[in-house]
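Here is the structure we will look at.
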Amino acid sequence: MELLSDRVLNMSTSATLAMAAKARELKAEGKDIISLSLGEPDFNTPDFIKNAAIKAINENYNTYTPVDGYVELKEAIITKFKRDNGLHYTLPQIVVSTGAKQSLANVAAVMINPGDEVILPCPYWVSYSDIVELNEGVPVEVKTTIDTDFKMTAEQLEAAITPKTKMIWYSSPCNPSGSVYSKEELRALADVLQKHPNIFVVSDEIYEHINFVGQHASMAQFPDMYDRTVTVNGVSKAFAMTGWRIGFIGAPAFIARACNKMQGQITSGANCIAQRAVITAMEASPSTVQYMVDEFKVRRDLVLDLLNKIEGFNTNTPEGAFYVFPDISSYFGKTLRGTKINNATDFSLYLLGEALVATVTGEAFGNPNCIRLSYAASQEQIKEAIKRIKQAVS
Ligand code: PMP
Ligand code: GLU
């Protein structure tokens with residue numbers, strides 16, 4: 001008998017985390033690896049947040065918290081939603097979790113029945129398809145290309161809907177393409193959904209503040225979508241707090257209640273010290289972290305400038321997040337220094353072996369023509385990495 005469950009055996013390993021682990025391993029062996037694989041800000045958590053955590057430890061916050069989060073934190077999140085997004089949520093609509101990843105896993109677990117279809121505009125963040133499949137849902141990939149800035153159009157959405165469609169999941173700003181849906185583009189998708197009142201939307205807004213074009217738009221801002229949208233957000237990216245593991249949702253109360261029940265059997269709620277610290281992050285103006293956004297924009301411009309000088313790299317202009325997702329399919333079928341490149345995975349592994357630069361294959365994001373580079377790295381590292389890539393492919 002197989003010792004492990006089919007559930008875990010059928011699941012793929014997170015490609016982003018696997019590549020990051022591989023890069024770490026090679027570094028430990030003494031190889032001079034530059035990792036552009038993991039989507040993790042290279043800044044320190046701001047001092048005012050660290051100090052709030054230290055205060056919480058000294059004030060003996062050490063017990064289980066309410067499963068769905070401290071009331072003070074949920075109130076601060078309500079204030080944040082109102083201030084930044086014009087969204088009005090009440091306490092029973094907020095659930096704090098161990099990272100936005102758990103928020104997404106909760107929503108999938110409480111919403112998906114076997115066979116339910118979840119529309120995923122491609123490229124999508126790696127974990128979406130596996131989280132859906134883990135819950136016996138069926139990911140329905142909607143392919144987009146660089147020509148539409150990797151965004152799903154209303155026509156594509158319409159064509160993907162079937163009687164089994166349960167939800168649509170997307171991130172904006174998008175990991176991995178950096179695309180940002182404008183309010184008009186979201187409205188066009190919402191118009192399609194008007195004809196399908198039972199379809200829910202999961203709007204992953206974790207890169208909300210890392211936006212180089214200005215106004216962030218949320219699906220739940222449309223009154224006709226509010227009651228069927230789950231807004232997912234967290235502090236990992238904007239506040240450089242990946243390891244603190246706090247994410248949250250604003251959702252219709254019945255979904256929030258179900259997530260609370262689910263989480264109560266699985267984690268008993270998120271870490272108490274991290275929650276206390278995040279209260280201060282939520283209360284702070286987004287301008288306190290603008291310096292990171294400004295630096296990401298400088299790096300975005302640098303990466304685009306350098307990549308566009310390499311033949312065979314075709315990029316869109318990411319408007320947010322900290323990734324660039326070049327189409328490198330012109331290399332398929334070619335042999336580089338004795339290595340035949342058949343697909344994006346071959347290309348990404350070739351760059352790791354030959355240029356000592358870690359990237360992530362687009363296959364993990366549902367787009368086999370691209371690779372993802374995270375520019376959450378210093379300008380020096382970016383310059384050196386792209387210099388090495390250029391040499392390796394020339
Ligand atoms: N959504 C997207 C689009 C992401 O890139 C990430 C990155 N980890 C997450 C959700 C999860 O974030 P976390 O669990 O760190 O809050
Ligand atoms: N979201 C980041 C990434 O895409 C972190 C890794 C992960 O959670 O998968 O690289």
Side-chain angles (χ1 to χ4, degrees), residues 11-24 35-42 45 69 77 95-108 120-132 134 150 168-181 201-211 216 218 230-249 259 263 266-267 270-271 274-275 277-278 281-282 296 318 320-325 348 358-367 370-377:
M11 187 185 219
S12 19
T13 301
S14 162
T16 46
L17 299 182
M19 196 48 144
K22 177 117 195 114
R24 251 182 246 129
S35 181
L36 304 184
S37 58
L38 195 59
E40 159 153 89
D42 55 327
T45 302
I77 290 169
V95 180
V96 178
S97 299
T98 302
K101 200 181 255 183
Q102 195 201 0
S103 303
L104 291 162
N106 282 343
V107 174
L120 305 179
C122 296
Y124 50 78
W125 180 47
V126 263
S127 296
Y128 288 178
S129 54
D130 278 288
I131 291 175
V132 168
L134 181 65
F150 294 114
I168 299 160
W169 282 27
Y170 69 89
S171 61
S172 177
C174 172
N175 177 2
S177 68
S179 310
V180 174
Y181 281 86
V201 173
V202 171
S203 172
D204 181 345
E205 305 184 10
I206 193 149
Y207 295 96
E208 169 191 2
H209 295 303
I210 306 171
N211 177 329
H216 170 79
S218 297
V230 178
T231 308
V232 179
N233 211 322
V235 290
S236 283
K237 312 295 168 171
F239 294 92
M241 294 180 75
T242 48
W244 297 65
R245 311 305 305 126
I246 298 289
F248 50 86
I249 57 168
C259 290
Q263 187 161 290
I266 301 203
T267 59
N271 173 288
Q275 286 194 50
V278 171
M282 291 295 98
F296 283 131
F322 36 64
Y323 308 102
V324 58
F325 198 58
S348 174
T359 59
V360 184
T361 173
E363 280 169 37
F365 305 93
N367 183 324
C370 300
I371 58 167
R372 188 190 79 174
L373 285 76
S374 157
Y375 50 86

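Counting starts at 1 for both ligands and their atoms, in listed order.
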Which of the ligand 1 atoms, numbered from 1, are nearer than 4.0 Å to a heavy atom of Arg245: 13 (P), 14 (O), 15 (O)
For atom 3 (C) of ligand 1, closest protein heavy-atom neighbour: Asp204 OD2, 3.3 Å
Element-labelled atoms of ligand 1 that are located less than 4.0 Å from some non-hydrogen atom of Asn175: 3 (C), 4 (C), 5 (O)
N/O separation below 3.5 Å, Tyr207 to ligand 1: yes
Heavy atom of the protein closest to atom 5 (C) of ligand 2 (residue, atom name, distance): Gly39 O, 3.7 Å
Proximal ligand 2 atoms for Lys237, defined as those under 4.0 Å from one of its heavy atoms: 1 (N), 2 (C), 5 (C)
Enumerated ligand 1 atoms positioned under 4.0 Å from heavy atoms of Ile206: 1 (N), 2 (C), 3 (C), 4 (C), 12 (O), 16 (O)
Shortest non-hydrogen contact between Gly320 and Tyr375, atoms and distance: O-OH, 4.2 Å
Gln263-Ser97 side chain donor-acceptor pair, cut-off 3.5 Å: yes
Interfacing atoms of ligand 2 (cut-off 4.0 Å, heavy-atom, Leu38): 5 (C), 6 (C), 10 (O)
Ligand 1 N/O within reach of Leu104 N/O, cut-off under 3.5 Å: no
Close approach, Lys101 and ligand 2, non-hydrogen under 4.0 angstrom: yes
Option of least heavy-atom distance to atom 9 (O) of ligand 2 (set: Leu17, Val360, Thr16): Thr16
Ligand 2 contacted by Ser14 (non-hydrogen, < 4.0 Å): yes
Heavy-atom gap Gly99 to ligand 1 smaller than 4.0 Å: yes
Glu40 touching ligand 1 at heavy-atom level, < 4.0 angstrom: no
Ligand 1 N/O within reach of Thr242 N/O, cut-off under 3.5 Å: no
Plane angle bin for Phe296 and Phe322 - parallel if under 30°, tilted between 30 and 60°, otherwise perpendicular: tilted
Which of the ligand 1 atoms, numbered from 1, are nearer than 4.0 Å to a heavy atom of Lys101: 11 (C), 13 (P), 14 (O)
Ser236 contact mode with ligand 1 (heavy-atom cut-off under 4.0 Å): side chain
